[in-house]
Amino acid sequence: MDVIIQPNPEAAARMAARVMADLIRNKPDTVLGLATGSTPLGLYRELIRLHREEGLDFSRVTTFNLDEYVGLGPDHPASYHTFMFKHLFHALNIPREHIHIPDGLAKDIPAHCASYEDAIRDAGGIDMQVLGIGANGHIGFNEPMSSFTSHTTMTTLASRTRQDNAPFFEREEMMPHHAITMGIGTIMESRQCLMLAFGRRKARPVAQMIEGSVTPLVPASVLQQHPAVRVFLDKEAASELRGAGYDRRLYENKPEWQKT
Ligand code: GLP
């Protein structure tokens, strides 16, 4: 796990975007796993800038989003479909048929989850998965006590998650109780992960993820067992890491080819 601590979220987002852009330039048909939430917004802004100003081409890129709320259609203002088109897809040249987001209105949810996994496999697997972390250590919507080997499935949202995400809904009771999410197994099968976490609120789950035991109580801790994870943090999110100084020195002394 490479832990990369930057002075602020903007600098971290720029570095993460550079890593992703290098991958896309080397492999134009890259398969990206994408996340929602406030955390990846800076990364998405930077990808749009690279596309507009430096001609970064997404025409052969395929994307799979981590999750979607059950019961919300693509036009619902709080759906992750709406989020992704508003913050990223509207400005990039990814063909519509290359974009995959779980369908919150699927009638047969288990069949839909199975076909989502098939689509990931048919696309050649995820080359790079973007991740945020929930305040309770979740990744995607894999809440504490999720199986480490799970694949795309429907989960029941923890009350902490519902509280954190309720502000995106008109009234708290409109916040769904369930979501379709890639499983932890799906995430672990991606070739590389880019985890981003910013702000004091994330300091504790970040420290548990990086320095704590691998436990289903903190789903993100499983990433310690993934062979290629980069964690981009700002100073606040890194503030509970005992080894922050060590992490900094380790990263600074890496050769350039290992940093991208
Ligand atoms: C939601 C998403 C997660 C995301 C988390 C953190 O629960 N399903 O994928 O990582 O929110 O959100 P934020 O980035 O807004 O803190």
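What you see is a predicted model, and the numbers here were worked out from it, not measured in a lab. Start at 1 and go down the list; that is how both ligands and their atoms are numbered.
- Short contacts between ligand 1 and Gly132, defined as distances under 4.0 Å to a heavy atom of the residue, involve ligand atoms 10 (O).
- Atoms of ligand 1 found under 4.0 Å from any heavy atom of Thr39, numbered from 1 in the order shown, are 13 (P), 14 (O), 16 (O).
- A donor-acceptor contact closer than 3.5 angstrom is absent between the side chains of Glu143 and Thr155.
- Closest to atom 8 (N) of ligand 1, if we only count protein heavy atoms, is Asp67 OD2, 2.8 Å.
- Side-chain contact of Thr215 with Ser213: a donor-acceptor pair under 3.5 Å is absent, judged by distance alone.
- Residue Thr36 has no nitrogen or oxygen atom sitting less than 3.5 Å from a nitrogen or oxygen atom of ligand 1, judged on distance alone.
- Looking only at atom types and distance, the side chain of Thr153 has no donor-acceptor partner in the side chain of Ser150 under 3.5 Å away.
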Q: Kindly indicate, with the supporting measurements, whether the criterion salt bridge (charged side-chain N to carboxylate O under 4.0 Å, His left out) is fulfilled by Glu46 and Arg49.
A: CA-CA 5 Å; Glu46 184 62 13; Arg49 191 194 67 75; 3.0 Å; yes
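- Counting heavy atoms closer than 4.0 Å to ligand 1, residue Asn165 contributes side-chain atoms (C-beta onward) but none from N, CA, C or O.
- Scanning all protein heavy atoms for the shortest distance to atom 9 (O) of ligand 1 gives Gly140 O, 3.6 Å.
- In terms of protein heavy-atom proximity, atom 16 (O) of ligand 1 is closest to Lys202 NZ, 2.6 Å.
- Under the 3.5 Å distance criterion, the side-chain polar atoms of Gln224 are matched with a main-chain donor or acceptor of Gly212.
- Here's the thing with Gly134: none of its N/O atoms is less than 3.5 angstrom from an N/O atom of ligand 1.
- Close contacts between ligand 1 and Phe141 involve ligand atoms 1 (C), 7 (O), 8 (N) [criterion: under 4.0 Å to a heavy atom].
- Annotation for ligand 1: atoms under 4.0 Å from non-hydrogen atoms of Arg201 are 16 (O).
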Q: Test Leu32 against Ile24 for side-chain contact (heavy atoms from CB on, under 4.5 Å), laying out the working first.
A: CA-CA 9 Å; Leu32 296 176; Ile24 295 169; 4.3 Å; yes
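- Of the heavy atoms in Ser38, both backbone and side-chain atoms come closer than 4.0 Å to ligand 1.
- For the 3.5 Å distance criterion, the side chains of Thr161 and His138 qualify, holding a donor opposite an acceptor.
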Q. How far apart are the C-alpha atoms of Tyr69 and Phe169, what are their side-chain angles, what is the distance that settles it, and do they pass the side-chain contact (heavy atoms from CB on, under 4.5 Å) test?
A. CA-CA 12 Å; Tyr69 291 112; Phe169 291 80; 3.8 Å; yes
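- Nearest protein heavy-atom neighbour of atom 12 (O) of ligand 1: Gly37 CA, 4.0 Å.
- Remark: the His151 side chain and the Glu189 side chain contain an N/O donor-acceptor pair separated by less than 3.5 Å.
- Put simply, no part of Ala35 is less than 4.0 Å from ligand 1, judged by heavy atoms.
- Each of the atoms 6 (C), 10 (O) of ligand 1 lies under 4.0 Å from some heavy atom of Ile133.
- Counting the atoms of ligand 1 from 1 in the order shown, those under 4.0 Å from a heavy atom of His138 are 1 (C), 3 (C), 5 (C), 7 (O).
- Between Phe232 and the options Ile5, Val3, Val19, a side chain to side chain contact (heavy atoms under 4.5 Å, CB included) holds for only Val19.
- For ligand 1, the atoms sitting less than 4.0 Å from at least one non-hydrogen atom of Tyr80 are 1 (C), 2 (C), 8 (N), numbered in the order shown with element in parentheses.
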